[in-house]
Amino acid sequence: GQQLNQSPQSMFIQEGEDVSMNCTSSSIFNTWLWYKQDPGEGPVLLIALYKAGELTSNGRLTAQFGITRKDSFLNISASIPSDVGIYFCAGQPTQNSGYALNFGKGTSLLVTP
Amino acid sequence: DAGVIQSPRHEVTEMGQEVTLRCKPISGHNSLFWYRQTMMRGLELLIYFNNNVPIDDSGMPEDRFSAKMPNASFSTLKIQPSEPRDSAVYFCASTRRGANVLTFGAGSRLTVL
């Protein structure tokens with residue numbers, strides 16, 4: 001599948017700080033998804049994006065589908081300790097095709113009180 | 001809804017032994033995916049099924065790996081013989097065909113000594 005480059009690889013921040021991470025693709029995607037994985041668990045969907053330029057929020061989380069359709073961003077505002085985990089971007093090159101998602105390698109987030 | 005159910009959650013085995021991982025997808029979901037997660041390679045798609053039929057198994061590492069889906073509510077991933085480099089967390093995920101939001105199980109952590 002297409003390669004997704006996710007950055008940064010890890011972040012170590014203080015509680016209350018804002019967080020930004022992004023994901024880029026070498027080709028155009030029609031869908032971008034952001035997942036969070038807690039330790040010892042499977043990834044859980046945070047936000048789904050289906051249209052270029054789309055900006056979607058879920059509580060303190062905001063994600064954007066890049067205009068070029070080759071990138072996406074996730075922002076977390078006012079981080080709290082329970083935000084700790086690994087955040088994955090995932091993309092699908094063709095809408096409703098049944099093809100599986102391609103995942104980035106994840107951004108590991110640590111939040112200190 | 002019990003979600004995607006995987007078993008066992010943890011398995012420790014010796015090199016050369018056969019390993020069978022099991023998955024029960026969410027009722028009504030007719031696409032099922034097996035992923036492998038390692039620190040080095042992140043989440044890798046191994047194989048996926050639509051309506052119990054394998055669609056793409058190009059991610060299966062080698063002939064030692066096999067997957068079956070005998071019915072809509074059960075799938076297995078088998079490794080025979082297992083090797084230490086197979087140590088990883090194996091995730092099963094499901095979705096409705098054509099949808100792209102995967103629901104993951106909690107994973108099966110495999111350690112091959």
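Residue numbering restarts at 1 for every chain, and letters A, B, ... go by the order of the sequence lines. When reading the values below, keep in mind they use all heavy atoms of this one structure, side chains included, and skip hydrogens, waters and symmetry mates.
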Item checked: Per-residue contact mode, B/R41 against chain A (heavy atom under 4.5 angstrom) -> backbone
Checklist line | hydrophobic_cluster_shared for B/L77 and B/V112, side chain cutoff 4.5 Å | finding: yes
Next item on the list: Supply the atom-to-atom distance A/L33 CG to B/L102 CG, rounded to the nearest 0.5 angstrom.
Entry: 7.5 Å
Check: In the single-linkage hydrophobic clustering (I, L, V, M, F, W, Y; side-chain heavy atoms under 4.5 Å), do B/L21 and B/F33 co-cluster?
Finding: no
Item checked: Interatomic distance, B/Q37 atom CD to A/F88 atom CZ [nearest 0.5 angstrom] -> 4.5 Å
Notebook entry, point to check: Do side-chain atoms of A/K105 reach the backbone of B/L43 as a donor and acceptor pair under 3.5 angstrom?
Noted result: no
Margin query: I need the minimum non-hydrogen distance between A/G40 and B/R9, along with the two atoms involved.
Written below: O-NH2, 2.8 Å
Margin query: So for atom CG, which belongs to B/N71, do other residues, nucleotides or ligands contribute more than 12 heavy atoms lying within a distance under 6.0 Å?
Written below: yes
Check: If you count the non-hydrogen atoms of other residues, nucleotides and ligands that lie under 6.0 Å from CD in B/E62, is the total more than 12?
Finding: yes
Margin query: Hydrophobic cluster membership, with links at side-chain heavy-atom distances under 4.5 Å among I/L/V/M/F/W/Y: are B/I5 and B/L110 in one?
Written below: no
Next item on the list: May I ask whether B/L113 and B/M15 are part of the same hydrophobic cluster, defined by side-chain heavy atoms of I, L, V, M, F, W, Y residues being less than 4.5 angstrom apart, directly or through others?
Entry: no
Check: Can you say whether B/E44 sits under 4.5 Å from chain A via the side chain, the backbone, both, or neither, judging by heavy atoms?
Finding: neither
Note to self: Would you say that more than 12 heavy atoms from the other residues, nucleotides or ligands in this model lie under 6.0 Å from the CZ of B/R64, or not?
What the structure shows: yes
Next item on the list: Supply the atom-to-atom distance B/Y35 OH to A/L101 CG, rounded to the nearest 0.5 angstrom.
Entry: 5.0 Å
Next item on the list: Return the option, out of B/A93, B/A106, B/C92, B/G42, with the maximum number of heavy-atom pairs under 4.5 Å with chain A.
Entry: B/A106
Next item on the list: State the CZ-CD distance between B/F104 and A/E41, to the nearest 0.5 angstrom.
Entry: 13.0 Å
Margin query: Tell me if the aromatic rings of B/F91 and A/Y35 count as close, with their centers under 6.0 Å from one another.
Written below: no
